[in-house]
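One structure is given here, and the rest of the page talks about it.
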Amino acid sequence: MPRRQLGRLLTQLRMDAQVSMDAAAEELGCSRQKIWRIERGDTAARTPDVRVLCELYRATPEQASVLLGLAEVGRAEGWWHAYGRSIPAWFSLYMGLESVASSVRHYNAELVPGLLQTPGYATALFLKNRPELAEEERQKAVNLRIQRQGLLARRLPPAPHLTVMLSEAVLRRPVPDRPVMADQLRHLLTVGQRHNITIRVLPLAAGPPLAAEAGTFVLLDFPDSTLGTPSEPPTVYVEGLTGALYLDQPAEIAAYERVWRGLESLALDERQSVELIDAIRGECYE
C-alpha cells in the first residue's frame, strides 16, 4: 500500500513539474520501465532514488519528507504475508486495501462476510467448500480470517467503519451444525452494537434488488494522506472463484454507488435488522 501511494504521489509531482518519464529515467540512470513500475507501485523504490526524484520534481520539504517515509515503509510487508501461499496474490492486495480503508461497505447475498464470521462458522465453510484442505491448512485459513477482524477494534490508525448488507437468505441458510449457526447469529447481534459496525438485513419480501445483477461486492473508501490528497481512490472489490476485480474508475464507482443506494432503500433499518436476526435465531436454530 505505501508503494502504491508513493507511486501516485511521484506521478503527480512529475506531471506537475512537466518532467517526462524518459527524463526521470535518465536522471536515475535506469530504464523507463523502472520508473513506470515505481509509479504503479509494482516495485519498492530505493530511498536514494526517491531523494533524486524529489529534487528533479522540485518537491517541497514537506512533500519530500512524506515521500521518503513512504519509500522506507514500502519495503515492509503486512502481517498477512506470514501466511505465505495460504493467501492468493489477488487477495493479498485486497487485505492491503482493507487495512488502510476508512470505510468498508459489504453486500453479500450468500454468506456472512469474513470480517464478521465466528471461528465455528468459518471452519464449517472450509469443511464444506474446501474439503481437500489438510487440517493444518484449514486451521491456518480460519486463523487468518479471524486475525483480519482485529482491524475493526484497533485504535491507531482509527478502525474503519464497516457497513454490511445481508440478504435474509444468509441468515436462514444453515451451516451443517445448527448450534454453529445459532452462535454466528448471536455474534452478529453482539458486534452490531459496536459504534463502527452497522448490520442491515435485506428482507426476502423486498424482492430482487439491483444488487442481484452486481453480485457480492465490497466498496472501500480511504482517508486523505498527509499531503491532503486521497491515499487511495475509492475501490470496488468483486471476488470470483479464481481471482478478483479491482474497479476504481469514476464510472465504475458511480455504478456500484447506485447499487448501494438501492440496497439502502430496501433494507431494514438497524433496529428492525436486529429484531429479525434475533427472531430467526430463535425460530430456526434454538
Query - Closest heavy-atom pair and its distance - I35, L28 - result: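 Scanning both residues completely, I find the closest heavy atoms to be CD1-CD1, 3.7 Å.
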[X] versus [Y]: any side-chain heavy-atom pair under 4.5 Å?
{"X": "E27", "Y": "V52", "result": "yes"}
{"X": "K34", "Y": "D49", "result": "yes"}
{"X": "K128", "Y": "L125", "result": "no"}
{"X": "R3", "Y": "L6", "result": "no"}
{"X": "S102", "Y": "H161", "result": "no"}

Answer yes or no: does atom [atom1] of [X] have more than 12 heavy-atom neighbours from other residues, nucleotides or ligands under 6.0 Å?
{"X": "E135", "atom1": "CD", "value": "yes"}
{"X": "E283", "atom1": "CD", "value": "yes"}
{"X": "R258", "atom1": "CZ", "value": "no"}

Query raised in the report: Is it true that the side chains of Q147 and N143 contain a donor and an acceptor less than 3.5 Å apart?
Result: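 The criterion, which ignores hydrogens and geometry beyond distance, is not satisfied for N143 and Q147.
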Requested in this report: Give me the one residue out of Y107, Y246, Y256 that meets ring pair (Phe, Tyr, Trp, His ring centres under 6.0 Å) with Y237.
Outcome: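 Per the ring pair (Phe, Tyr, Trp, His ring centres under 6.0 Å) rule, the option paired with Y237 is Y246, out of Y107, Y246, Y256.
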Query raised in the report: Between E168 and R172, is there a salt bridge with N-O shorter than 4.0 Å?
Result: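 Salt bridge present between R172 and E168.
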Report task. Determine, for R178 against E286, whether the closest basic-nitrogen to carboxylate-oxygen distance falls under 4.0 angstrom. Result ->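 No.
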